[in-house]
Colleague: 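Pasting in a structure now, in structure tokens, and then I'll have a few things to ask.
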Amino acid sequence: MQRRHLLQATAASLMLPGARLFAAGENRPRFLLVFLRGGYDAANLLVPTGSSFYYESRPKIAIAKPGSEPNAEAALPINADWGLHPALKDSLYPLLQAGQATFIPFAGTDDLSRSHFETQDSIELGQNLAGQRDFQSGFMNRLAAEIGARGAISFTDQLPITFRGNTKIGNAALRDNAKLAVDAKTRKLVSSMYQEQPLSAQVEEGFALREELVRELSPERMKEMDASGRNAISAKGFELEARRIGKLMRGRFSLGFIDVGGWDTHVGQGGATGTLATRFEELGRGLAAISSELGPELWKQTTVMVISEFGRTFRENGNRGTDHGHGSTYWLLGGSLANKGGVAGEQVQLSAKTLNQGRDYPVLNEYRSVLGGLWQRQFGLSDEAIARVFPGATVRDLGLV
């Protein structure tokens with residue numbers, strides 16, 4: 001009996017309906033959502049270098065203004081008002097200079113709970129905050145239904161809330177691709193259990209998908225990728241997983257999700273160097289690797305949106321860190337961005353009076369409105385389709401692509 005339960009569990013993990021084996025054409029739009037769980041500090045990522053209030057509020061962790069002399073710890077200049085954290089100098093800053101990165105400050109959800117889990121859930125659901133919510137219907141699942149994304153996948157251990165719903169989506173964590181493999185004996189036993197049953201086709205699809213993932217991500221193929229990349233960044237941590245994602249989205253997958261934890265920096269956050277700077281560097285290297293893996297032509301058809309559940313307090317706390325805030329800054333990367341200025345969306349001059357509740361960024365660019373406008377352009381979705389993905393949202397076209 002115990003053996004049968006184990007085999008049934010194996011079969012359940014293999015059923016990846018929606019991620020079917022098909023010869024997907026290269027000429028199709030691709031979208032990847034990167035969720036930074038923990039609420040990252042947006043004010044030290046997209047630095048408001050034109051605001052004296054920023055430097056008054058952060059005497060110990062602020063990022064220095066760009067100057068006439070080279071300074072490795074100064075913000076990288078974007079325009080008169082904004083700069084970029086210096087940890088991204090060799091990864092995302094070149095993309096920004098090439099017009100392939102745009103940052104959207106004062107972005108987020110109207111949820112004011114400042115609770116990690118509640119805000120993450122409300123964002124992933126994409127539903128109205130008022131009234132009863134359906135926790136089995138996430139906005140990326142509804143997007144998949146609208147665009148017919150049979151090549152949708154979550155690169156996670158468990159299917160996230162945003163991909164829950166009527167459209168069946170597969171998930172596969174890529175940190176340890178050895179776990180994707182199933183030995184021949186187990187495959188034979190599981191297949192025999194479901195032979196001539198309704199779920200038989202789904203189980204076989206799951207086997208086929210996992211075998212392809214293992215084949216595509218084998219050490220031999222990864223070595224081949226390293227050799228062909230010449231100047232490719234060395235792979236470690238998130239970067240390795242990001243390169244694998246880029247490779248898979250080069251093929252069948254056109255709609256993906258990945259989350260990255262560790263952004264709750266209450267203590268010892270650091271400024272130009274330190275804990276947060278290291279995480280920015282690792283994240284930037286991984287995101288740049290996705291662009292590299294896709295190549296110039298496919299990168300033109302791709303957008304990568306980086307979001308977080310909320311930002312941090314504008315003022316630093318007594319532990320050289322920041323606390324839970326409200327508005328954040330979203331990152332948009334892609335090879336065909338229309339906004340070449342590096343910063344988009346509604347903005348406000350930063351002062352004690354313009355902060356939300358006197359403590360953090362206000363939300364001026366609501367995430368459903370921003371994503372709805374992006375997807376109308378990228379996927380050609382109608383107003384009616386966007387209303388099904390984001391019920392009750394007002395679409396704002398920021399001219400991002």
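Every heavy atom of this structure was used, including side-chain atoms; hydrogens, water molecules and symmetry mates were not.
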Colleague: If only atom types and distance count, is the side chain of R377 paired as donor or acceptor with the main-chain N or O of L398 below 3.5 Å?
Modeller: no
Colleague: Is the count of non-hydrogen atoms from other residues, nucleotides or ligands lying under 6.0 Å from N166 atom CG greater than 12?
Modeller: no
Colleague: Look at the rings of F139 and W375 and say which category their plane angle falls in: under 30° parallel, 30 to 60° tilted, over 60° perpendicular.
Modeller: tilted
Colleague: Any side-chain to backbone donor/acceptor pair from Y93 onto P77? Under 3.5 Å, distance only.
Modeller: yes
Colleague: Considering the options L45, V47, T49, which one meets the side chain to side chain contact (heavy atoms under 4.5 Å, CB included) requirement together with L84?
Modeller: L45
Colleague: Hey, is the main chain of G271 close enough, under 3.5 Å, to the side chain of H85 for a donor-acceptor pair?
Modeller: yes
Colleague: Within the 4.5 Å heavy-atom criterion, are L294 and Q301 side-chain neighbours or not?
Modeller: no
Colleague: Among R58, R315, R312, which residue satisfies the side chain to side chain donor-acceptor pair (under 3.5 Å) criterion with T322?
Modeller: R312
Colleague: Do the side chains of W82 and Q347 get nearer than 4.5 Å, heavy atoms only?
Modeller: yes
Colleague: Please walk me through it: do E124 and R37 pass salt bridge (charged side-chain N to carboxylate O under 4.0 Å, His left out)?
Modeller: CA-CA 12 Å; E124 291 189 63; R37 298 196 188 275; 3.0 Å; yes
Colleague: When rounded to the nearest 0.5 angstrom, what is the spacing between CG in D264 and CD in Q269?
Modeller: 10.0 Å
Colleague: Take K247 and E293 through the salt bridge (charged side-chain N to carboxylate O under 4.0 Å, His left out) test and state the conclusion after the steps.
Modeller: CA-CA 6 Å; K247 180 173 180 58; E293 287 301 327; over 6 Å; no
Colleague: Could you walk me through whether F379 and F31 pass the ring pair (Phe, Tyr, Trp, His ring centres under 6.0 Å) test, one step at a time?
Modeller: CA-CA 10 Å; F379 295 113; F31 177 79; 7.0 Å; no
Colleague: Could you tell me whether E146 and R388 have a side-chain N and a carboxylate O separated by less than 4.0 Å?
Modeller: yes
Colleague: Please answer whether the main-chain N or O of N141 pairs with a side-chain N or O of R164 as donor and acceptor at a distance below 3.5 Å.
Modeller: no
Colleague: Taking side chain as C-beta onward, heavy atoms only, is F310 less than 4.5 Å from D360?
Modeller: no
Colleague: Do we see a donor-acceptor contact under 3.5 Å between the side chains of D397 and Q376?
Modeller: no
Colleague: Would you check, one step at a time, whether the test side-chain hydrogen bond (donor to acceptor under 3.5 Å, both in side chains) holds for D111 with S122?
Modeller: CA-CA 8 Å; D111 188 318; S122 71; 3.3 Å; yes
Colleague: I would like to know whether R285 and E282 meet salt bridge (charged side-chain N to carboxylate O under 4.0 Å, His left out); could you show each step before the answer?
Modeller: CA-CA 5 Å; R285 286 156 59 98; E282 293 172 348; over 6 Å; no
Colleague: Please report the shortest heavy-atom distance between S291 and L95, naming the atom on each side.
Modeller: OG-CD2, 4.2 Å
Colleague: For the CD atom on Q357, are there more than 12 heavy atoms of other groups (residues, nucleotides or ligands in this structure) within a distance under 6.0 Å?
Modeller: yes
Colleague: Should the ring pair F314 and F53 be called parallel, tilted or perpendicular, given that the plane angle runs from 0 to 90° and is split at 30 and 60?
Modeller: parallel
Colleague: A side-chain contact here means heavy atoms from C-beta on lying under 4.5 Å apart; do S91 and E281 qualify?
Modeller: no
Colleague: Pick out which of T313, L350, T354, V348 makes a side chain to side chain contact (heavy atoms under 4.5 Å, CB included) with Y361.
Modeller: L350
Colleague: Could you check whether any side-chain N or O of Y54 sits under 3.5 Å from a backbone N or O of N44, counting only pairs where one atom can act as donor and the other as acceptor?
Modeller: no
Colleague: Taking it one step at a time, do T394 and S369 satisfy side-chain hydrogen bond (donor to acceptor under 3.5 Å, both in side chains)?
Modeller: CA-CA 6 Å; T394 301; S369 299; 5.6 Å; no
Colleague: Between T167 (side chain only) and A144 (backbone N and O only), is there a donor and an acceptor less than 3.5 Å apart?
Modeller: no
Colleague: Would you mind reporting whether V304 and V34 have side-chain heavy atoms less than 4.5 Å apart?
Modeller: yes
Colleague: Any sub-3.5 Å donor-acceptor pair from Y40's side-chain atoms to T329's backbone N or O?
Modeller: yes
Colleague: Please report the C-alpha distance between Y330 and N365 in whole Å, then the side-chain angles of each, then the deciding distance to 0.1 Å, and finally whether the side chain to side chain contact (heavy atoms under 4.5 Å, CB included) criterion is met.
Modeller: CA-CA 10 Å; Y330 289 178; N365 302 292; over 6 Å; no
Colleague: Kindly check if the number of other-residue, nucleotide or ligand heavy atoms within 6.0 Å of NZ (K340) is above 12?
Modeller: yes
Colleague: In a check of side chain to side chain contact (heavy atoms under 4.5 Å, CB included) between L32 and each of V306, I258, L255, which one passes?
Modeller: I258
Colleague: Would a 4.5 Å heavy-atom cut-off, applied to side chains only, mark F257 and I169 as touching?
Modeller: no
Colleague: For the backbone of N319 and the side chain of N317, can you confirm whether one donor and one acceptor N or O come within less than 3.5 Å of each other?
Modeller: yes
Colleague: Give, for atom CG of D90 and atom CG of L76, the distance between the pair rounded to the nearest 0.5 Å.
Modeller: 9.0 Å
Colleague: Just so I know, are the side chains of V363 and N356 near enough to count as touching, which here means a heavy-atom distance under 4.5 Å?
Modeller: no
Colleague: When you compare the side chains of Q378 and T303, does any donor N or O come within less than 3.5 Å of an acceptor on the partner?
Modeller: yes
Colleague: Is a donor on one side and an acceptor on the other found under 3.5 Å between the side chain of Y55 and the backbone of K65?
Modeller: yes
Colleague: Quick check: do V370 and L400 have side-chain heavy atoms less than 4.5 Å from each other?
Modeller: yes
Colleague: What's the shortest heavy-atom distance between A172 and I153, and which atoms?
Modeller: CB-CD1, 4.3 Å
Colleague: Between CG of L125 and CZ of R133, what distance do you get to the nearest 0.5 Å?
Modeller: 6.0 Å
Colleague: Here's a test for you: under side chain to side chain donor-acceptor pair (under 3.5 Å), which of Q120, R114, H324 qualifies with E309?
Modeller: Q120
Colleague: With no hydrogens and no angle check, is any side-chain donor or acceptor of S154 less than 3.5 Å from a backbone partner on N171?
Modeller: no
